Amino acid sequence: MEDAYARSITEVLDFFGVDPGKGLNDSQVALHSKIYGKNVLPEETRTPFWKLVLKQFDDLLVKILIAAAAVSLVLALINGETGLAAFLEPFVILLILAANAAVGVITETNAEKALEELRAYQADIATVLRNGCFSILPATELVPGDIVEVSVGCKVPADMRMIEMLSNQLRVDQAILTGESCSVEKELESTIATNAVYQDKTNIIFSGTVVVVGRARAVVVGVGANTAMGNIRDSMLRTDDEATPLKKKLDEFGTFLAKVIAGICILVWIVNIGHFRDPSHGGFLRGAIHYFKIAVALAVAAIPEGLPAVVTTCLALGTKRMARLNAIVRSLPSVETLGCTTVICSDKTGTLTTNMMSVSKICAVHSVHRGPTIAEYSVSGTSYAPEGMIFGSSGLQIEFPAQLPCLLHIAMCSAVCNESILQYNPDRGIYEKIGESTEVALRVLAEKVGLPGFDSMPSALHMLTKHERASYCNQYWESQFKKVSVLEFSRDRKMMSVLCSRKQTKIMFSKGAPESIVSRCSNILCNDDGSTVPLSVAVRDELESRFHSFAGKETLRCLSLAFKQMPIGQQTLSFEDEKDLTFIGLVGMLDPPREEVRNAMLSCMTAGIRVIVVTGDNKSTAESLCHKIGAFDHLEDFAGRSYTASEFEELPALQQTLALQRMALFTRVEPSHKRMLVEALQHQNEVVAMTGDGVNDAPALKKADIGIAMGSGTAVAKSASDMVLADDNFASIVAAVAEGRAIYNNTKQFIRYMISSNIGEVVCIFVAAVLGIPDTLAPVQLLWVNLVTDGLPAIAIGFNKQDSDVMKAKPRKVNEAVVSGWLFFRYLVIGAYVGLATVAGFVWWFVYSDTGPKVAYKELMNFDSCSTRETTYPCSIFDDRHPSTVSMTVLVVVEMFNALNNLSENQSLLVIPPWSNLWLVASIVLTMLLHILILYVHPLSILFSVTPLSWAEWKVVLYLSFPVIIIDEILKFFSRNSTGLRLGLRFRRPDLLPKRELRDK
């Protein structure tokens, strides 16, 4: 029943045909079960494991690699190769792809856990009226029309419409659903609000929420998927995971690279058609296969096989650093998403605030005889910890608060007129509440006031253990004032009273809404001498003025406290006793903002990140909190920047678009609104981070570019998120954004390093094929260079230090390409040099080396016809391993020098020296040791078709390699100083590389 909240009790009962005194009968239960289904969240159809695995290979570069591996294996078998050499290359390629696929499958299966954990919020049992009798049944057996009784501590088993109140009031904690900081009072009357949100449906108790006060009966109106919790599940199922900006850019670049690879491979094959019939190949078909094998080697050279592994490793290193900042990353790609976040939609309760109601102001009557009449005190402390001080209106600390009569009686009343519990949890190391947060705030206040009669108060309390300290003062007052009778809170009176006995006297303590308490008071307690005097009209007006100041301007939740001396023999209380009270004081409490939030928000603004506060609370409370934080001081008011969900939905489409661009506050929201906000911002090309802790936040967390759950939040929110804040602190998000930006910068550097290295390999093979000289590098050698000698320095580049001004730059654009424009030209130049230097090393050994054959260059170009003509040298020299060893070593060493170039995008090595990243230096040393190992250890040198080099050959390798640093230093100089040149050389072909606005320094 969709509109049960708008119907009267009789209409709802008639709709289901149920008698409120007897409940459903067995035949009705069977019928309703058939019509409405079971009260369980249905399991979603899982993606089969094999489909998840196949999905990881649905990438163009991966497909090209698989094809290259398969072709390599087939060609090796055709040529009669056997043993390790034939299977090494395809095996290594497939091993890398399998590792990447495993990471992808694990990530996707984690996402499905959120939906499973949603079921934990369903109640297990319910007290149900059927056939005229109450019985306890499994909650899964409930059907619409069932009459259910709920009481304090019950988890609500289904969405239900209230039909009967069995206590003075019923209050429900529905924070997991709406994010409201306080429990909500429920009522029987129907709701007339149009476009009612969950907060407006005050006669509905929702599945999964918890009753905190009172007892009532309700009729089930929604079960299973047709509940508020079921709507959240459906919303999560409709949410597809978005690819991260880096993933999109790598995919785009992969597509571009695949086109280039295909073009070059075909070109190399076509260029060499004339050589297919060369006698050395033994026929046209074998010649075609030989050059096809070269094309495959070219594909292997062009694709950076180690790139996925290096990206994953760098992101993993980043997650370790972020964990130290209390940001626990669940999804690796989300690390770099933080770097381009443009909007943070932050939950108010628990993220910007502590979610621990605290008394912040106290108002009492000082004296009616001499001014000032009213005494106002402020209270420090923003949590449930009994730690904090009380300050007078002058700002000076009150040394012994319990010596002041009004503060002493406030502590007594707060401790005795209270049903909550404050305790210390040693496992979590925090103080926790059981019961209403407003009542716990009063308990904490009683602890801060302390006890009278001790000169060492309150410092003596610090000597207690935390477990003893939690309620030491409260327990003292409860032992002094024994409860005799209680008048519970009711909606019409808006107050509660407790009759206590102490030393042959009876005293009644009352607390409640200020207007209810003050109107029942005839006397006041004076704070200067402890005297009780009649309450005058002037003092009453002054108290009402202070109350309106607390509740209006400061949006504090206010309670007034009072007491009354009772006859000694009285054992019970009646409503008639609640008059002629003596006013003690007025307390104002709030969910206090975290102290560090202001600076964190200002950092966001400096970094070009907009913060939108999203909350289920009402508009005035949220606006007041934003002013208290102090980060919105630059706004004169919230006109045009603060909207309730209903106000926003009523705006025309164009005005909604404009409102989104200015919005700073979004109030009275329910789960669907949060998801709608994320989608609307994403349509405006914003990169959205969303914080949340409740079940209600899960759909929006899943939809956001980066979902950030609170460490103290629900398991559902954590499972749907990309990142969990261990300390629930907004400031940790800002620190994580800075780390995300640094990680992206480093990721960008090592991607450029690997790509420029691969361009070198492609140039090397392409030039050798065009010149008609023998293969400079074997496929297995290319694989070694791509995986090991490229991989280690690339990972080490991930340790480049964070720039000092990383949070002063605006967020990078989502469509910013990883490599584009002038930078792409730079790396083409570097890559071309790497390739030419590698070929030069190969040619040098044949033509000029003292240990080589010193053949003429023309002879080298005609090597394939050597067997058909007379020569002064044996044809076996073209099978010598020396030339490919020299070219491979040149390739390795030149790439080590190129790694040093990538310490910074534009800064010279004279400004940022190699030792600024010792990890990079270490990786270069390790890479060279590994390379020397395969050169000089016999079994490895056979496997990789290499041979030991002499010192003369090593010198030539260094001569050919070092110039790459000089070339890049010249290019960096132009990057820093020649804007015009950079603009002139920018590529703008949309099919080549994604556009971006270059912001090179």
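The structure presented is a predicted model; accordingly, all values stated were derived computationally and were not measured. What's counted below: heavy atoms across the whole structure, side chains too, no hydrogens, waters or symmetry copies.
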Next item on the list: For Tyr643 and Leu651, run side chain to side chain contact (heavy atoms under 4.5 Å, CB included): C-alpha distance rounded to whole Å, both residues' side-chain angles, the deciding distance at 0.1 Å, then the answer.
Entry: CA-CA 10 Å; Tyr643 296 89; Leu651 293 174; 3.8 Å; yes

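- Counting only heavy atoms from C-beta outward, the side chains of Asn326 and Leu725 never approach each other to under 4.5 Å.
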Next item on the list: Applying side chain to side chain contact (heavy atoms under 4.5 Å, CB included), run through Leu422 and Tyr431 and close with a yes or a no.
Entry: CA-CA 7 Å; Leu422 176 65; Tyr431 291 90; 4.2 Å; yes

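- Using a 4.5 Å heavy-atom threshold, the side chains of His673 and Val197 count as touching.
- Taking each heavy atom of Ile708 and Met710 in turn, the nearest pair found is O-CE, 3.8 Å.
- For Val669 against Val614, the heavy-atom pair with the smallest separation is CG2-CG1, 3.8 Å.
- The heavy-atom pair separating Cys626 from Leu665 by the smallest distance is SG-CD1, 3.9 Å.
- Atom CD of residue Glu739 and atom CZ of residue Arg324 lie 8.5 Å apart, to the nearest 0.5 angstrom.
- Side chain of Thr382 to backbone of Pro592: no donor-acceptor contact under 3.5 angstrom is found.
- Closest approach of Ala736 and Leu338 over heavy atoms only: O-CD1, 3.6 Å.
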Which pairs of donor and acceptor atoms, one on a side chain in residues 599-609, lie under 3.5 Å apart (sequence neighbours left out)?
from: Ser603; atom 1: OG; to: Asn599; atom 2: O; distance (Å): 3.1
from: Thr606; atom 1: OG1; to: Leu602; atom 2: O; distance (Å): 3.0

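- Counting heavy atoms from C-beta outward, Val613 and Phe666 have side chains that stay 4.5 Å or more apart.
- Thr353 contributes atom OG1, which lies 12.5 Å from atom CZ of Phe730 (distance to the nearest 0.5 angstrom).
- Residues Val223 and Leu142 come closest through the heavy atom pair CG1-O, 3.9 Å.
- In this structure, Tyr5 has no ring pair (Phe, Tyr, Trp, His ring centres under 6.0 Å) partners at least two apart in sequence or on a different chain.
- Not a single donor-acceptor pair under 3.5 Å links the side chain of Ser721 to the backbone N or O of Leu701.
- A salt bridge is defined here as a Lys NZ or Arg NE, NH1 or NH2 lying under 4.0 Å from an Asp or Glu carboxylate O, and Glu647 with Lys619 meets this definition.
- Between the side chains of Ser624 and Lys628, at least one donor-acceptor pair of N or O atoms lies under 3.5 Å.
- Tyr384 is linked by a ring pair (Phe, Tyr, Trp, His ring centres under 6.0 Å) to nothing, counting only residues two or more places apart in sequence or in another chain.
- Atom CD1 in Ile612 sits 5.0 Å away from atom CG in Leu681 (nearest 0.5 Å).
- Between the side chain of Thr341 and the backbone N or O of Val343 there is no donor-acceptor pair closer than 3.5 Å.
- When the shell of 6.0 Å around CD of Gln661 is examined, it contains more than 12 heavy atoms from other residues, nucleotides or ligands.
- Within the 4.5 Å cutoff, the side chain of Lys348 has heavy atoms near those of the Leu625 side chain.
- Here the straight-line distance linking atom CD1 of Ile328 with atom CE of Met723 works out to 9.5 Å at 0.5 Å rounding.
- Judged purely by distance below 3.5 Å, without hydrogens or angles, the side chains of Thr227 and Asp159 never pair a donor atom with an acceptor atom.
- Remark: the Lys201 side chain and the Gln174 side chain contain no N/O donor-acceptor pair separated by less than 3.5 Å.
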Next item on the list: Please report the C-alpha distance between Lys703 and Gln682 in whole Å, then the side-chain angles of each, then the deciding distance to 0.1 Å, and finally whether the side chain to side chain contact (heavy atoms under 4.5 Å, CB included) criterion is met.
Entry: CA-CA 10 Å; Lys703 179 65 182 170; Gln682 286 174 337; 3.4 Å; yes

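- The shortest heavy-atom contact between Thr209 and Val172 is OG1-CG1, 3.4 Å.
- Side-chain atoms of Arg641 and Met663, non-hydrogen and from C-beta on, never get closer than 4.5 Å to each other.
- Within the 4.5 Å cutoff, the side chain of Met589 has heavy atoms near those of the Thr438 side chain.
- Counting heavy atoms from C-beta on, the side chains of Lys433 and Met357 never come closer than 4.5 Å.
- Here the CD1-CD distance, from Ile344 to Glu686, works out to 12.0 Å after rounding to the nearest 0.5 Å.
- A donor-acceptor contact shorter than 3.5 Å links the side chain of Ser358 to the backbone of Met356.
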Item checked: Residues Trp919, Ile797; criterion side chain to side chain contact (heavy atoms under 4.5 Å, CB included); working and verdict -> CA-CA 8 Å; Trp919 287 101; Ile797 288 169; over 6 Å; no

Checklist line | Derivation and outcome, salt bridge (charged side-chain N to carboxylate O under 4.0 Å, His left out), residues Arg557 and Asp591 | finding: CA-CA 9 Å; Arg557 188 165 187 181; Asp591 180 8; over 6 Å; no

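- When side chains are defined from C-beta on, Gln684 counts as touching Leu660, because their heavy atoms get closer than 4.5 Å.
- Atom CD of Glu623 is separated from atom OG1 of Thr615 by 12.0 Å, given to the nearest 0.5 angstrom.
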